[in-house]
Novice: 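The structure that follows is given in the form of structure tokens.
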Amino acid sequence: MTIIFDYAIKSFVDGDTSTFGGKQVAAWLRKIDEPFLFGLDPQEIQHFFASQKLDLVCDLGPELLEKIYLATPRGVTLGPSL
């Protein structure tokens, strides 16, 4: 079985909105009254998966996702850069 998911960064859940788009997402979550209750620390994700008896195959951070999904064939980033 394979599980694919995205996750909130623990620091964002704890109130740090300095990440790319953080202020906008936090405002939207307040507006819809749906706070994030759980986040993962990227430095501890391997331990988190092991504690759940899961194998982490891949964890793509925002910089790599930007290159994969927002870069044109000429290497130009679409939209604001992270």
Side-chain angles (χ1 to χ4, degrees):
M1 175 172 36
T2 301
I3 301 170
I4 299 172
F5 67 96
D6 64 349
Y7 60 91
I9 303 295
K10 184 175 183 334
S11 60
F12 176 79
V13 174
D14 291 342
D16 177 3
T17 59
S18 66
T19 57
F20 180 76
K23 288 183 173 113
Q24 294 88 343
V25 171
W28 177 70
L29 291 170
R30 281 191 303 275
K31 181 179 178 180
I32 65 170
D33 198 25
E34 287 287 337
F36 282 159
L37 302 176
F38 176 80
L40 293 171
D41 181 338
Q43 304 301 317
E44 298 175 3
I45 194 163
Q46 185 68 44
H47 174 72
F48 173 78
F49 271 75
S51 73
Q52 302 301 309
K53 310 244 187 291
L54 297 169
D55 296 320
L56 177 63
V57 174
C58 177
D59 181 24
L60 304 179
E63 293 83 9
L64 184 55
L65 291 171
E66 179 183 279
K67 288 179 184 176
I68 293 171
Y69 294 107
L70 298 178
T72 68
R74 294 185 180 159
V76 176
T77 301
L78 302 172
S81 180
L82 300 175

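Since the model is a prediction, treat every value here as computed from it, not as a measurement. Here, residue 1 is the first one in the sequence, and each next residue gets the next number.
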Novice: Is it the case that more than 12 heavy atoms not belonging to Tyr69 sit under 6.0 Å from its OH atom?
Specialist: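 Result for OH/Tyr69: open.
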
Novice: Heavy-atom count around Gln43 CD within 6.0 Å, excluding the residue itself: above 12?
Specialist: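 No.
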
Novice: Could you pull out every donor-acceptor pair under 3.5 Å between side chains of residues 3-10 and any protein atom, sequence neighbours left out?
Specialist:
{"from": "Tyr7", "atom 1": "OH", "to": "Asp59", "atom 2": "OD1", "distance (Å)": "3.0"}
{"from": "Tyr7", "atom 1": "OH", "to": "Asp59", "atom 2": "OD2", "distance (Å)": "3.0"}
{"from": "Lys10", "atom 1": "NZ", "to": "Asp14", "atom 2": "OD2", "distance (Å)": "2.7"}

Novice: What's the spacing between Leu29 CG and Lys31 NZ if we round to 0.5 Å?
Specialist: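 Reported value, rounded in 0.5 Å steps: 12.0 Å.
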
Novice: Please report the shortest heavy-atom distance between Phe36 and Val13, naming the atom on each side.
Specialist: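 Closest pair (atom of Phe36, atom of Val13, distance): O-CG1, 3.5 Å.
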
Novice: Count I, L, V, M, F, W, Y as connected when their side-chain heavy atoms are under 4.5 Å apart, and connections chain through other members. Are Val25 and Leu37 then in the same cluster?
Specialist: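 No, Val25 does not connect to Leu37 through the hydrophobic network.
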
Novice: To the nearest 0.5 Å, how far apart are CD in Gln46 and CG in Leu54?
Specialist: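 Rounded to the nearest 0.5 Å, the CD-CG separation comes to 10.5 Å.
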
Novice: Consider only side-chain heavy atoms of I, L, V, M, F, W and Y, link residues closer than 4.5 Å, and tell whether Phe12 and Trp28 are in one cluster.
Specialist: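 Yes: a chain of side-chain contacts under 4.5 Å links Phe12 to Trp28.
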
Novice: Would a single hydrophobic cluster contain both Leu56 and Leu60, if residues Ile, Leu, Val, Met, Phe, Trp and Tyr are joined by side-chain heavy-atom contacts under 4.5 Å?
Specialist: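 Hydrophobic grouping puts Leu60 apart from Leu56.
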
Novice: Decide whether Ile45 and Phe38 are clustered together by the hydrophobic rule: side chain heavy atoms of Ile, Leu, Val, Met, Phe, Trp, Tyr closer than 4.5 Å, transitively.
Specialist: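 Yes: a chain of side-chain contacts under 4.5 Å links Ile45 to Phe38.
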
